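Only a predicted model underlies this, so the values are computations on that prediction, with no experimental measurement involved. Each ligand, and each atom within it, is numbered from 1 in the order the structure gives.
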Amino acid sequence: MFQQRLIGAAAALVIAAAAGTASAQTVLRSADIHPDGYPTVEAVKYMGQVLEQKTGGKLKVQMFFAAQLGQEKDTIEQTRFGVIDMNRVNLAPFNNLIPETGILGLPFIFRSIEHMHKVVDGPIGAEILKAFEPHGLIGLGFYDSGARSFYNSKHPITSLDDMRGLRIRVQQSDMFISLVRALGANATPMPFGEVYSALQTGVIDGAENNYPSYESTHHYEVAKYYSLTEHSMSPEVLVMSKISWDRLSPADQQAVREAAQASVPKMRELWNARDEKSLAVVKAAGSQINTLDKAPFIAAMDPVYAQFVTDAKLKALVDRIKAVE
Ligand code: GTR
């Protein structure tokens with residue numbers, strides 16, 4: 001009896017000690033569908049290191065990569081409900097919920113990656129990050145995602161004729177559905193993790209993405225024609241659950257913002273290196289990459305703008321983006 005009580009007291013002490021540690025340190029769980037080593041995953045890990053340093057070890061980030069917590073749509077919901085603290089996702093799955101996010105993914109809106117950087121690094125970027133707040137999320141920063149192009153298993157795309165009738169997987173965004181339809185192809189929205197087997201079994205003919213995602217997913221093994229339409233530069237975004245955010249002190253919130261900002265240039269470095277490496281990998285594996293005249297593709301995009309740039313605020317946003325030198 002006495003011995004049992006002693007064991008009980010010891011156990012209580014261990015629990016109290018553990019609880020002490022837990023309250024002294026907050027671990028932020030962060031989701032990503034990409035595998036370990038992918039630039040987005042490494043950038044968030046880097047953000048975690050900066051955060052740990054800034055807060056003297058009080059705040060830490062734990063990465064759950066490779067879709068361990070689910071596909072993007074599901075993890076976004078979990079982040080809004082505070083089940084996941086942070087999430088790195090593309091802007092596309094937010095397009096239906098937050099119309100401003102679709103503007104950055106609009107076809108051919110950016111003249112170059114440099115133009116996109118200037119926009120997301122400036123006041124327009126800050127405004128779009130702010131637009132997450134009424135939806136239970138804090139926008140912490142944008143990451144690069146290069147330019148998205150079409151790839152398929154049938155033939156190179158050199159003209160709009162080659163798009164006709166192709167079944168193309170798109171992200172779960174009405175804007176991307178409309179974009180593919182305006183080019184004369186059939187759009188199939190589907191989670192990222194299902195694309196490989198859909199290509200392999202012929203459920204779809206192709207998809208669209210940047211080189212690093214085309215390579216990391218091994219889609220190049222089952223869809224070897226990659227045609228440089230570069231139709232969208234929809235960036236990635238790092239968001240935090242508003243519920244988790246509200247639990248932090250103002251000083252810790254500031255540290256989170258600063259650490260996230262510090263990870264942006266790091267991510268760009270990692271991105272450029274991976275982009276080059278991925279291109280080499282897919283080329284060596286036999287992917288056929290072709291350039292094309294983009295003018296007819298650009299000209300076909302009017303209906304997409306008409307459908308998604310609907311009110312004065314969004315129209316002004318498009319004009320302001322185009323005016324950024
Ligand atoms: C990638 C992006 C992911 C996801 C994916 C997709 O480029 O990094 O967040 O959006 O594309 O096509 O679903």
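Residue-to-ligand polar distances keep E208 apart from ligand 1: every N/O pair is separated by 3.5 Å or more. Some N or O of N210 is nearer than 3.5 Å to an N or O of ligand 1, by distance alone.
With ligand atoms numbered from 1 in the order given, ligand 1 contributes 3 (C), 8 (O), 9 (O) to contacts under 4.0 Å with heavy atoms of R88.
No heavy atom of A92 sits closer than 4.0 Å to any atom of ligand 1. The closest approach between E72 and ligand 1 falls below 4.0 Å for a heavy atom of the residue.
With E236, E194, H34, R169 as candidates, the residue nearest to atom 13 (O) of ligand 1 on a non-hydrogen basis is R169. For atom 5 (C) of ligand 1, the nearest non-hydrogen atom from the set Y211, F192, Y214 belongs to F192.
Aromatic rings from Y226 and Y214 are positioned such that their centres are separated by under 6.0 Å.
In this structure, the side chains of E208 and F176 come closer than 4.5 Å at one or more pairs of heavy atoms. Counting heavy atoms from C-beta outward, N209 and F150 have side chains that stay 4.5 Å or more apart.
Annotation: atom 10 (O) of ligand 1 to nearest protein heavy atom, Q171 OE1, 2.5 Å. In terms of protein heavy-atom proximity, atom 1 (C) of ligand 1 is closest to S213 OG, 3.4 Å.
A salt bridge does not link K242 to E133: none of the charged nitrogens lies less than 4.0 Å from a carboxylate oxygen.
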